Enquirer: 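Okay, here's the structure, questions in a sec.
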2 protein chains.
Amino acid sequence: MKVTIKDIAKAANVAKSTVSKVLNDSPHISIATKVRIREIMKQMNYIPSSLATGLARQKCHNISLIIDLTRRNDFLNFFFYNIIGGIESVVGPNNYELTISNVGREESRDYLTRYVLSQKADGIIIDNSILTKDSAEDLRNLGFPYVLIGEWSGPKMVPCVDINNRLGATRLTQHLLEQGYRNLAFIGGGENEPLFESRSAGVIDALLQEDVEGNPLRIYPDGNTEKAGYHMVSTILEHGEIPDALVCMNNFVAFGALKRLKEKGISVPQEIGVVTFDNEPLAPYTTPALTCLHMDTFGLGAGAAELLMSQIQEESQANQDKFLQQKWLMPELIVRESSTKR
Amino acid sequence: MKVTIKDIAKAANVAKSTVSKVLNDSPHISIATKVRIREIMKQMNYIPSSLATGLARQKCHNISLIIDLTRRNDFLNFFFYNIIGGIESVVGPNNYELTISNVGREESRDYLTRYVLSQKADGIIIDNSILTKDSAEDLRNLGFPYVLIGEWSGPKMVPCVDINNRLGATRLTQHLLEQGYRNLAFIGGGENEPLFESRSAGVIDALLQEDVEGNPLRIYPDGNTEKAGYHMVSTILEHGEIPDALVCMNNFVAFGALKRLKEKGISVPQEIGVVTFDNEPLAPYTTPALTCLHMDTFGLGAGAAELLMSQIQEESQANQDKFLQQKWLMPELIVRESSTKR
DNA sequence: TTGAAAGCGGTACCAA
DNA sequence: TTGGTACCGCTTTCAA
């Protein structure tokens, strides 16, 4: 049924190997035959089988994004389309396919080695929520190209791409300080949540830099939901000193906070300024609209893919040093009403 | 380097074919040898190459989602994570991989036949924005399994899955009528936009059913952005009879509408009721919160995948009739303040 | 510049 | 119940 290289060879009265060379535009084939055979290919509607090519070349021209799809409401959720778009924008033009693989952190180690050994991909991009130290070690031992999305806190270096949350947080905080806010509180997140750690650290960096004395940052880690935001503001207003600005872990926390502040008749941004991370999904649509950090999630995907492609291409050249690249994308500050007093 | 079936055969002192049979759990192999060979496989860390298996079996155990990733802000954008999750939830357990392919409508025809012929997938799920009549015909002629996501308006039947937007719109309208609204206006969308056509048709269905006479639906197709929503409301308020309820094409149109109504001091839901499609990304977070239709996008992906898997599995059985299944998912009404007078 | 043949790592049929 | 062997469709030496 399907037209194969053999059919073309027969039709052109040449050997299979000649056809193969035409396929790969070998310099050892005369232009005349190239033209002739290509014509025949077109007429017979011939397309080489990627399966056969893959087996012969021992690579499948496919890269895989490995994530845990069961984690609903995660960071990935909102930015998935952008991240995928970013990855595709670099692997596509390189003639690589992109496959999505779903696996939980627990099963990931076994899954990864099986995946690699089964030759389902030439390289993988993996979310940091599911890469363990063991699997990172496995991948390294197998010499398999991979890139991590998100921070990595293991002992060994790992090629990874992430938004620079810490510097972003610093930038966001500087903005608050420029606006005259002095008494900051950080709400949302949870202890041991890497995103929380780096963002709160960034806020502290800014306070130290600007030498804002006597007003240490107060931190309220209580989850990343609207409810949590609402609740944290309640707590803050009831006990102790009231801050004049809130840095919120995400849009939902910020939304909950705004809601509670409104109920209490506290004006934003006059009495309390509010800022948050991420521009999606709500920041432009709250009242007042939220000042935030825009994360370049398309760039995140594209950056990861670039790192991976370069690994794959350098692979032959035993250029191991290049494998350890890391990229940090700087978020962009978007100023809106929620933090501008005038 | 890599362990192959040959290595296992050698180590076990049996023929390749025997190992292959163990791999496929053939009933013609004694339990004793199965156990023995499996043990050896484990010890040698053997995983079969999917490339080789694929070539031998002439199928790659991969299904592909084909979309146009350059269409930012599209319906897919917000629901991508859910749709992918839905697809994966059915292909994953069947041991199929999921790949994402990006292509524009213009190049799609060529792309598709190349894709199919190159054996990169055993079946595809394709977005209706890029399937043309020609490509549908091609796929059918090739006898290649595929499922469309979204409505299909071509002459021939095509296996597809979609949210039942028309019935959903009817349900949404019935809710408005139950609340006592009588004078409806439909805002957003654009002529020839299938989603617009089916949704507005659904509203009209409801009006006819309930015999709401003398107040035909007024329709304002002016795009699907916040700005458009804002603008349409301005226009409506300035000219002619003022409706008592607005059905909005999406969350952004509704947001723009709410904004304008608020500026004009028109109360929602007392003076004008507002409802919209989709629960994402804003509906729960506007003031007042929006009554809407929740679309089961996870189910959309899962449904498409199920249809496709059944096609792939029935393929051998020449059971062509089953290929023409269609699925319509019923959206769920979520009632919120924007349309409840009491 | 072209051809022949041995892989790549499995599957599947037929014989033993 | 096992083994031998001819594929699957393309690549890649090595000869001609």
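Throughout, protein chains are lettered first and strands after them, A, B, ... in sequence-line order, and every chain is numbered starting at 1. The structure presented is a predicted model; accordingly, all values stated were derived computationally and were not measured.
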Enquirer: Would you mind building the protein contact string for nucleotides 8-16 of chain C? One character per nucleotide, 5' to 3', B for base within reach (heavy atoms under 4.0 Å), S for sugar-phosphate only, - for untouched.
Expert: BBBBBB---
Enquirer: Give one of base, sugar-phosphate or nothing for A:D7, where a contact means two heavy atoms less than 4.0 Å apart.
Expert: nothing
Enquirer: Kindly write out the residues that satisfy side-chain contact (heavy atoms from CB on, under 4.5 Å) with B:N62, not counting sequence neighbours, or none if the list is empty.
Expert: B:C60, B:E97, B:T99, B:A121
Enquirer: I'd like to check B:K2 versus B:N45 (side-chain heavy atoms, cut-off strictly below 4.5 Å). Are they in contact?
Expert: no
Enquirer: Excluding sequence neighbours, so at least two apart, what forms side chain to side chain donor-acceptor pair (under 3.5 Å) with B:T297?
Expert: B:N82
Enquirer: Tell me if a side-chain donor or acceptor on B:N13 pairs with a main-chain N or O of B:A9 at a distance below 3.5 Å.
Expert: no
Enquirer: Could you check whether atom NZ of B:K59 has more than 12 heavy atoms from other residues, nucleotides or ligands sitting under 6.0 Å from it?
Expert: no
Enquirer: Spell out, as yes or no, whether a donor-acceptor pair under 3.5 Å connects the side chain of A:R105 to the backbone of A:S129.
Expert: yes
Enquirer: According to ring-ring contact (aromatic ring centres under 6.0 Å, His included), who are the partners of A:Y115, at least two apart in sequence or on a separate chain?
Expert: A:Y111
Enquirer: A:Q58: what forms a side chain to side chain donor-acceptor pair (under 3.5 Å) with it, not counting sequence neighbours?
Expert: none
Enquirer: Would you grab the first and last nucleotide of DNA chain D (5' to 3') that comes under 4.0 Å of any non-hydrogen atom in chain B?
Expert: D:dT1 to D:dG9
